[in-house]
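Since the structure comes first, as structure tokens, the remarks are kept for the end.
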Amino acid sequence: MIKVNPNYEKLPGSYLFAEIARRVKEYSASNPNADLIRLGIGDVTRPLAPAIVEAFEKAVREMGDAKTFRGYGPDYGYDFLVNAIIENDYQKLGVELAFDEVFVSDGAKCDVSNVQELFSDDATIAVTDPVYPVYVDSNAMAGRAGTFVTDRWDRLCYLPCNAENGFVPPVPDRPVDVIYLCYPNNPTGTTLTKDQLKAFVDYAKENGSIIIYDAAYKAFITSGAPQSIYEIEGAKEVAIECCSYSKTAGFTGTRCGYMVIPHAVKGLNGKGEPVELNQMWKRRMGSKFNGVSYPVQRAAEAIYSEEGWKQCKETIDYYMNNAKVIREGLQDAGFEVYGGVDAPYIWMKTPDNQDSWTFFDRLMTGANVVGTPGAGFGPCGEGYFRLTAFNTLEKTEEALARIRKGF
Ligand SMILES: *Cc1c(COP(=O)(O)O)cnc(C)c1O
């Protein structure tokens with residue numbers, strides 16, 4: 001019989017959300033009248049904006065008419081969307097990109113995982129801790145994480161982020177090939193300043209590393225934090241940027257995002273000569289991808305229209321108002337709270353050094369509020385807890401009223 005990929009055996013399993021579901025189910029079964037409020041939702045809940053639906057519908061009709069029907073599109077994305085991205089997401093920041101440096105995709109989760117195909121099997125990987133689990137799991141599946149021992153992978157370089165260092169990761173203390181950064185951050189909701197990002201760009205240049213920058217939450221920034229790594233001098237030589245319409249415009253079920261790979265980002269080939277990752281990715285996309293569907297790309301284009309953006313911004317503001325309700329409510333109740341200003345995530349310290357699963361149980365049984373234990377995002381998440389701003393305002397206010405009452 002065929003031998004399966006042995007790296008899958010090493011995966012500890014999707015413990016976090018399965019374990020949350022198990023505990024919620026068990027509690028609900030024995031407390032059928034409990035009205036649980038979920039502040040652990042990692043998905044958007046508000047519908048697509050009307051201007052987006054209109055563009056989406058129009059494009060679907062074009063597909064049903066022989067005169068406007070389209071078959072395979074370009075595998076890098078339609079010109080209308082690529083140009084809208086370059087003009088709106090980059091030129092407005094003073095960043096110039098070439099047309100062929102942008103690759104439209106079906107989302108950032110796939111991009112941050114798939115892009116590893118461009119790296120050698122023995123490439124060393126650094127991640128912040130806590131971290132969006134996708135970077136870790138996808139590298140583990142590719143055999144780059146080593147073995148999972150107790151609470152961590154023995155080949156990964158973890159960059160600890162905690163209240164003591166203000167959630168600013170230190171640059172790696174050894175040479176690594178790839179560094180994953182996500183700002184505004186999931187799960188901590190915090191951002192880095194330009195100077196703090198510059199330290200990573202400088203490190204990457206000195207060590208020949210590549211930064212994979214996940215900017216999925218850039219549309220939530222309210223503080224003036226950088227929206228793109230390319231706002232940092234020199235980043236175009238060392239950074240790949242992944243963006244997504246999932247949180248920006250409620251596209252989690254519609255699927256569209258893009259990845260930027262500047263020509264200047266290079267790695268060494270087998271002869272020790274520098275090669276462009278952009279050229280490699282083009283080759284990869286040509287062989288393995290046939291593009292995002294035409295109606296979805298038209299829907300994404302509509303995000304950049306005046307009406308579309310106004311409507312998307314209203315939804316983002318709605319979530320960010322929830323974030324404010326959570327942040328201020330927790331502060332009033334005496335908790336130590338981070339994030340929630342530039343991201344729909346609030347990261348709180350558990351009181352009295354409770355471990356994050358104990359606090360999960362106390363919050364669920366005492367206030368009937370469900371969140372996410374920090375330990376699920378990496379060893380440094382222990383002692384912290386994540387709440388999200390994706391529920392309704394009414395439910396969010398109710399949850400905070402309960403928390404303020406004490407439990
Ligand atoms: C939600 C999220 C994404 C979005 O992934 P898509 O595949 O585009 O839906 C990417 N990165 C992080 C950190 C996220 O939380």
Side-chain angles (χ1 to χ4, degrees), residues 43-44 46-93 95-115 213-219 227-228 230 240-262 278 281-313 315-316:
D43 192 358
V44 296
R46 314 275 292 170
L48 294 179
I52 292 170
V53 174
E54 198 180 307
F56 208 170
E57 276 178 347
K58 180 168 170 272
V60 171
R61 282 184 217 294
E62 283 176 45
M63 295 297 270
D65 182 336
K67 290 195 291 293
T68 47
F69 169 77
R70 300 187 187 219
Y72 289 125
D75 30 70
Y76 55 81
Y78 279 103
D79 295 21
F80 59 79
L81 182 54
V82 172
N83 286 325
I85 290 166
I86 291 173
E87 281 165 30
N88 293 281
D89 286 354
Y90 293 99
Q91 279 176 358
K92 285 181 184 166
L93 300 175
V95 176
E96 290 300 328
L97 292 180
F99 181 83
D100 67 349
E101 291 178 320
V102 177
F103 298 88
V104 174
S105 73
D106 57 345
K109 190 189 215 176
C110 309
D111 282 340
V112 298
S113 306
N114 289 335
V115 70
Y213 194 74
D214 183 342
Y217 295 96
K218 66 180 178 183
Q227 296 185 28
S228 163
Y230 303 122
I240 291 171
E241 184 162 281
C242 298
C243 299
S244 167
Y245 299 117
S246 285
K247 317 296 162 34
T248 303
F251 269 48
T252 52
T254 303
R255 312 302 310 142
C256 196
Y258 62 87
M259 182 156 67
V260 177
I261 311 183
N278 178 289
W281 191 246
K282 261 187 208 131
R283 183 73 180 80
R284 189 262 179 203
M285 292 286 265
S287 293
K288 292 200 182 182
F289 196 54
N290 260 329
V292 176
S293 86
Y294 171 69
V296 167
Q297 293 193 58
R298 280 294 186 198
E301 180 193 24
I303 298 167
Y304 298 105
S305 69
E306 201 179 316
E307 199 55 23
W309 178 242
K310 197 174 134 246
Q311 294 165 357
C312 288
K313 187 74 176 61
T315 298
I316 290 169

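As the structure is a computational prediction, the values presented were derived from the model and not from experiment. Heavy-atom basis, side chains included; hydrogens, waters and symmetry copies ignored.
Contact check for P74 versus V104: no side-chain heavy atoms found under the 4.5 Å cut-off. Residues E87 and K92 are not in side-chain contact: their nearest non-hydrogen atoms beyond the backbone lie 4.5 Å or more apart.
For the residue pair L48 and G250, the shortest heavy atom distance occurs at CD2-O, 3.4 Å. Annotation for F56 and A299: closest pair CG-CB, 3.8 Å, computed over non-hydrogen atoms.
Summarising the geometry, atom SG belonging to C242 is positioned 11.5 Å from atom OH belonging to Y213; distances are rounded to the nearest 0.5 Å. For the atom pair CG of D106 and OG1 of T254, the computed distance is 12.0 Å after rounding to the nearest 0.5 Å. For the atom pair NZ of K218 and NZ of K247, the computed distance is 13.5 Å after rounding to the nearest 0.5 Å.
The one candidate from V260, D111, D214, V115 that meets the side chain to side chain contact (heavy atoms under 4.5 Å, CB included) condition with I240 is V115. For the pairing with Y76, the ring-ring contact (aromatic ring centres under 6.0 Å, His included) check across F103, Y258, F99 returns one residue only, F99.
Under the side-chain hydrogen bond (donor to acceptor under 3.5 Å, both in side chains) criterion, the residue pairs touching residues 296-310 are D89-Y304, Y245-Y304, Y294-R298, R298-E301, E307-Q311, with sequence neighbours excluded.
Scored by the ring-ring contact (aromatic ring centres under 6.0 Å, His included) test, Y230 finds no partners at all (sequence neighbours excluded). Remark: S244 engages S246 in a side-chain hydrogen bond (donor to acceptor under 3.5 Å, both in side chains) (not counting sequence neighbours). By the side chain to side chain contact (heavy atoms under 4.5 Å, CB included) test, T68 is found to be paired with E62, D65, residues two or more places apart in sequence or in another chain being considered. Residues that satisfy the side-chain hydrogen bond (donor to acceptor under 3.5 Å, both in side chains) test with K67, not counting sequence neighbours, are absent from this structure.
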Distance-only donor-acceptor pairs under 3.5 Å for side chains of residues 281-291, two or more places apart:
| from | atom 1 | to | atom 2 | distance (Å) |
| --- | --- | --- | --- | --- |
| K282 | NZ | D100 | OD2 | 2.9 |
| K282 | NZ | N278 | OD1 | 2.9 |
| R283 | NH1 | S287 | OG | 2.8 |
| R284 | NH2 | E117 | OE2 | 3.3 |
| S287 | OG | R283 | O | 3.4 |
| K288 | NZ | E117 | OE1 | 3.1 |
| K288 | NZ | E117 | OE2 | 3.2 |

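Although no hydrogens or angles enter the test, the distance criterion places a donor-acceptor pair under 3.5 Å between the side chain of E101 and the main chain of A98.
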